[in-house]
A.B. asks: 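One structure is given below, represented as structure tokens, and several questions about it will come after.
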Amino acid sequence: MVNFTTFKNKKHFLDLKKEENCLTEKGLRVYIEKNSLDHTRLGVSVSKTEANSVKRNKFKRKIKEVVRGIKKEGNFDIYIVGTREGTALNFSELRKIIRTHPKLN
């Protein structure tokens with residue numbers, strides 16, 4: 001089980017948001033990079049125009065469970081940007097997309 005915290009400021013998001021860290025699939029953009037901290041950091045972003053608050057919060061809960069299930073050595077910075085199509089994905093599809101990220105293999 002992975003313990004994680006959230007990103008604390010805008011700089012963390014901008015440092016991670018680079019093309020070499022990105023995987024785009026089914027309306028989901030996943031940015032992952034290895035960090036040197038003793039814990040994993042997670043950021044989830046969904047625009048208000050993409051989904052209402054109920055769908056956004058449900059999406060965030062699913063993402064947190066997927067990240068908790070990652071069994072990989074090391075700690076990572078993970079930033080996930082969802083769209084309307086991405087919020088409609090079920091748990092198994094989200095897990096499959098996130099686990100196929102090249103930085104986790």
Side-chain angles (χ1 to χ4, degrees):
M1 184 157 140
V2 174
N3 294 326
F4 59 87
T5 60
T6 59
F7 289 118
K8 300 299 181 193
N9 60 35
K10 184 178 178 178
K11 184 181 180 307
H12 295 149
F13 288 99
L14 294 176
D15 289 344
L16 185 57
K17 202 171 178 181
K18 297 174 185 164
E19 192 64 35
E20 66 266 9
N21 300 330
C22 184
L23 170 72
T24 304
E25 192 173 328
K26 295 185 183 178
L28 200 65
R29 284 189 312 237
V30 181
Y31 299 92
I32 297 179
E33 187 173 48
K34 197 165 183 75
N35 70 25
S36 60
L37 304 173
D38 60 345
H39 58 278
T40 296
R41 294 187 298 185
L42 174 67
V44 181
S45 176
V46 182
S47 173
K48 285 183 181 179
T49 59
E50 297 292 332
N52 64 20
S53 63
V54 174
K55 290 180 182 177
R56 287 194 314 266
N57 289 329
K58 186 175 183 179
F59 176 73
K60 290 176 187 179
R61 287 193 305 270
K62 286 192 257 184
I63 292 296
K64 287 177 186 177
E65 284 302 312
V66 169
V67 171
R68 283 187 187 109
I70 294 175
K71 293 176 176 54
K72 189 70 177 168
E73 288 296 320
N75 295 307
F76 298 93
D77 288 338
I78 303 170
Y79 177 43
I80 298 174
V81 180
T83 62
R84 185 170 287 126
E85 298 84 31
T87 58
L89 296 173
N90 62 29
F91 183 80
S92 61
E93 290 173 322
L94 289 171
R95 183 175 55 213
K96 180 182 167 212
I97 291 170
I98 292 172
R99 286 185 177 175
T100 58
H101 195 284
K103 300 265 180 146
L104 292 178
N105 295 329

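Given the structure is predicted, the values throughout are model-derived calculations rather than measurements. Position 1 is the first residue of the sequence, and the numbers go up from there.
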A.B. asks: I'd like to check the side-chain hydrogen bond (donor to acceptor under 3.5 Å, both in side chains) partners of Glu33; sequence neighbours left out, ordered by chain and number.
C.D. replies: none

A.B. asks: How many angstroms lie between atom NZ of Lys58 and atom NZ of Lys62, to the nearest 0.5 angstrom?
C.D. replies: 5.0 Å

A.B. asks: Quick test of your reading: applying salt bridge (Lys or Arg N to Asp or Glu O under 4.0 Å), list the pairs with at least one residue in residues 6-25, sequence neighbours left out, ordered by first then second residue.
C.D. replies: Lys11-Asp15

A.B. asks: If hydrophobic clusters are built by linking Ile, Leu, Val, Met, Phe, Trp and Tyr wherever their side-chain heavy atoms come under 4.5 Å apart, do Leu16 and Leu42 end up in the same one?
C.D. replies: no

A.B. asks: Closest heavy-atom contact between Arg29 and Thr24?
C.D. replies: CG-OG1, 3.6 Å

A.B. asks: Applying side-chain hydrogen bond (donor to acceptor under 3.5 Å, both in side chains), name anything that partners Thr40, two or more places apart in sequence or on another chain.
C.D. replies: none

A.B. asks: Under the side-chain hydrogen bond (donor to acceptor under 3.5 Å, both in side chains) rule, collect the residues that match up with Asn21, sequence neighbours excluded.
C.D. replies: Lys103

A.B. asks: Working to the nearest 0.5 angstrom, can you tell me the gap between Leu28 CG and Leu23 CG?
C.D. replies: 8.0 Å

A.B. asks: List in chain and number order the residues that pass ring pair (Phe, Tyr, Trp, His ring centres under 6.0 Å) with Phe13, two or more places apart in sequence or in another chain; answer none if no residue qualifies.
C.D. replies: Phe7, Tyr79

A.B. asks: Please round to the nearest 0.5 Å and tell me the distance separating atom CD of Glu50 and atom OG1 of Thr83.
C.D. replies: 5.5 Å

A.B. asks: What distance do Ile80 atom CD1 and Ile32 atom CD1 have between them, rounded to the nearest 0.5 Å?
C.D. replies: 6.5 Å

A.B. asks: Give me each pair satisfying salt bridge (Lys or Arg N to Asp or Glu O under 4.0 Å) with a member in residues 87-99, each pair once, sequence neighbours excluded.
C.D. replies: none

A.B. asks: Which value, rounded to the nearest 0.5 Å, describes the distance between Ile78 atom CD1 and Asn35 atom CG?
C.D. replies: 9.0 Å

